> 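Pasting in a structure now, in structure tokens, and then I'll have a few things to ask.
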Amino acid sequence: MYLYYDESIRTRGGFIVGALVGSSIDLSKAVRAEWIRLGLNADEFEYKSSAPKSSDVQQADLRAFINDILRTNASLALAVLPLECRRDLGLACVRLTEQLALKGHLDRNLQHYLYTDNDIKLSSNDIKRLRAINIEPFSDCDSVKIAGIQVADHAAHILGSMLLESMGVIQKQVQSSYPEEYRVESVSLGWELWGDIRYNFFSEVEYDPHDSASAPFAIVEGHGLIIANECGDRLKENALRTFGKSYLGCTV
């Protein structure tokens with residue numbers, strides 16, 4: 001499996017989200033091939049999730065491509081840290097991959113490759129721990145060359161926006177992308193973002209044992225989610241409420 005890790009720093013919310021994107025295919029090749037198809041220089045161009053989209057048709061189309069790659073070819077995990085723990089992003093990634101391996105989401109008999117974005121460094125002990133679970137790490141990578149990190153950048157941005165909304169820091173309504181027969185005039189940004197990725201989390205599916213007709217939930221807590229101990233209670237509670245358990249019943 002190929003693993004890509006990037007962060008979204010949200011000063012207004014006082015937190016950082018580290019997003020880990022895993023795929024059985026080399027996302028770097030897929031992204032670079034698309035940029036070349038579009039006539040872009042894949043050795044120079046980089047998709048940035050923070051770039052304006054609403055008034056830029058090309059940026060909106062690029063976002064749609066990156067989002068489609070995430071939804072159809074990848075699984076997703078995340079770490080939540082307070083702002084002051086930025087230097088711990090590498091360690092959080094190690095803890096997250098160890099948790100995924102422990103819960104059987106990463107086959108220990110196969111070789112995996114981890115790429116972290118520029119300025120996300122791994123210590124010698126981090127590297128030793130990763131290699132112990134058959135992950136070969138490449139830290140502090142250029143996301144132009146390792147273009148799969150651009151997908152992780154997009155994922156981190158989405159997750160950061162969801163958590164900001166959960167905390168009440170932002171409130172934004174957008175037009176729903178649901179099919180016409182199910183569509184309402186507008187939904188919250190967090191709801192729309194969640195609808196796109198809820199099936200992609202590394203998780204365990206669970207049913208209510210007291211209700212045989214209940215819809216399934218994806219239990220992300222303890223699988224594809226870690227929350228740093230240094231997070232304050234409010235941040236912990238919102239991160240757990242936003243990402244810890246995801247409803248899977250509706251498939252439209």
Side-chain angles (χ1 to χ4, degrees), residues 1-11 16-79 86-94 96-97 100 106 110-124 126-127 130-131 134-161 193 196-197 200 202:
M1 179 175 283
Y2 297 89
L3 301 161
Y4 308 91
Y5 185 69
D6 200 0
E7 92 287 346
S8 178
I9 300 171
R10 299 304 181 110
T11 306
I16 306 171
V17 169
L20 183 70
V21 171
S23 179
S24 60
I25 68 170
D26 185 345
L27 296 184
S28 294
K29 289 183 179 179
V31 172
R32 286 174 61 85
E34 178 66 7
W35 297 165
I36 292 170
R37 188 188 72 81
L38 293 173
L40 301 168
N41 185 342
D43 293 324
E44 296 181 359
F45 177 78
E46 177 180 14
Y47 172 82
K48 285 289 189 182
S49 59
S50 56
K53 307 295 188 300
S54 58
S55 59
D56 189 321
V57 174
Q58 184 188 53
Q59 280 293 324
D61 289 344
L62 297 177
R63 181 193 184 280
F65 167 75
I66 290 287
N67 197 56
D68 190 59
I69 283 278
L70 178 62
R71 288 191 305 105
T72 59
N73 289 288
S75 297
L76 179 61
L78 72 149
R86 183 174 183 179
R87 288 184 298 179
D88 295 332
L89 274 165
L91 178 59
C93 181
V94 174
L96 192 53
T97 53
L100 292 174
L106 299 178
L110 298 178
Q111 180 71 66
H112 309 288
Y113 303 92
L114 169 66
Y115 304 90
T116 72
D117 192 29
N118 184 43
D119 291 333
I120 301 180
K121 297 176 172 57
L122 299 170
S123 69
S124 58
D126 293 337
I127 292 171
L130 288 165
R131 286 176 173 164
N134 230 11
I135 295 176
E136 186 60 34
F138 302 88
S139 66
D140 200 18
C141 295
D142 181 349
S143 53
V144 174
K145 295 178 180 178
I146 308 299
I149 293 174
Q150 297 174 39
V151 183
D153 168 71
H154 172 68
H157 186 79
I158 287 175
L159 297 169
S161 297
L193 295 174
D196 258 358
I197 62 171
N200 294 85
F202 284 104

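Residue numbers count from 1 along this sequence. Note that this is a predicted model, so its numbers are computed, not measured.
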> Measuring from Asp140:CG to Ile120:CD1, what's the distance to the nearest 0.5 Å?
9.0 Å
> What distance separates Ile146 CD1 from Asn118 CG, expressed to the nearest 0.5 Å?
12.0 Å
> Is there a side-chain contact between Lys145 and Glu46, using heavy atoms and a 4.5 Å cut-off?
no
> Taking the side chain as C-beta and beyond, is there a heavy-atom pair between Leu3 and Leu100 under 4.5 Å?
no
> Is any NZ, NE, NH1 or NH2 atom of the basic residue among Asp119 and Lys121 found under 4.0 Å from an Asp or Glu carboxylate oxygen of the other?
yes
> Would you check if Leu89 and Tyr5 make a side-chain contact, meaning some heavy-atom pair closer than 4.5 Å?
yes
> Check whether any side-chain heavy atom of Leu20 lies under 4.5 Å from a side-chain heavy atom of Leu114, and answer yes or no.
yes
> Only pairs under 3.5 Å count here: list side-chain donor-acceptor contacts from residues 28-35, not counting sequence neighbours, and write none if there are none.
unit_1	atom_1	unit_2	atom_2	d
Ser28	OG	Ala147	N	3.2
Ser28	OG	Gly148	N	2.9
Arg32	NH1	Ala42	O	3.0
Arg32	NH1	Asp43	OD1	3.4
Arg32	NH2	Asp43	OD1	2.8
Glu34	OE1	Arg37	NE	3.1
Glu34	OE2	Arg37	NH2	2.9
Trp35	NE1	Gln150	OE1	3.2

> For Asn73, does its backbone N or O pair with a side-chain atom of Ser23 as donor and acceptor, under 3.5 Å?
yes
> Starting at CD1 of Ile16, measure out to OG1 of Thr11 and round the result to the nearest 0.5 Å.
8.5 Å
> Looking just at side-chain N and O atoms, do Ser49 and Asp153 make a donor-acceptor pair shorter than 3.5 Å?
yes
> Quick one: pull up CG in Leu78 and CG in Leu159 and give me the separation to the nearest 0.5 Å.
5.0 Å
> Roughly how far apart are Ile66 CD1 and Lys48 NZ, rounded to 0.5 Å?
12.0 Å
> Contact between Arg131 and Glu136 at the side-chain level, heavy atoms closer than 4.5 Å - yes or no?
yes
> I need the minimum non-hydrogen distance between Leu76 and Ala19, along with the two atoms involved.
CD1-CB, 4.4 Å
> What pair of heavy atoms forms the shortest contact from Ala156 to Ser8, and how long is it?
O-CB, 3.3 Å
> Do Ile158 and Asn67 pass the side chain to side chain contact (heavy atoms under 4.5 Å, CB included) test, and can you show the C-alpha distance, the side-chain angles, and the key distance before you say yes or no?
CA-CA 10 Å; Ile158 287 175; Asn67 197 56; 3.7 Å; yes
> Is Leu62 close to Phe45 at the side-chain level, that is, under 4.5 Å between some pair of heavy atoms?
yes
> Compare every heavy atom of Asp126 with every heavy atom of Gly90, then report the nearest pair and how far apart it is.
C-OD2, 4.4 Å
> Go through the structure and list residues passing ring pair (Phe, Tyr, Trp, His ring centres under 6.0 Å) with Tyr115, not counting sequence neighbours.
Tyr4, Phe138
> Shortest non-hydrogen contact from Leu70 to Ala155?
CD2-CB, 4.1 Å
> Out of the candidates Arg63, Glu7, Arg10, only one should pair with His157 under the side chain to side chain donor-acceptor pair (under 3.5 Å) rule; please name it.
Arg10
> For residues Met1 and Leu106, report the shortest heavy-atom separation together with the two atoms involved.
SD-CD2, 3.6 Å
> Please find the pair of heavy atoms, one from Ile149 and one from Cys141, that lie closest to each other, and give the distance.
CD1-CB, 3.7 Å
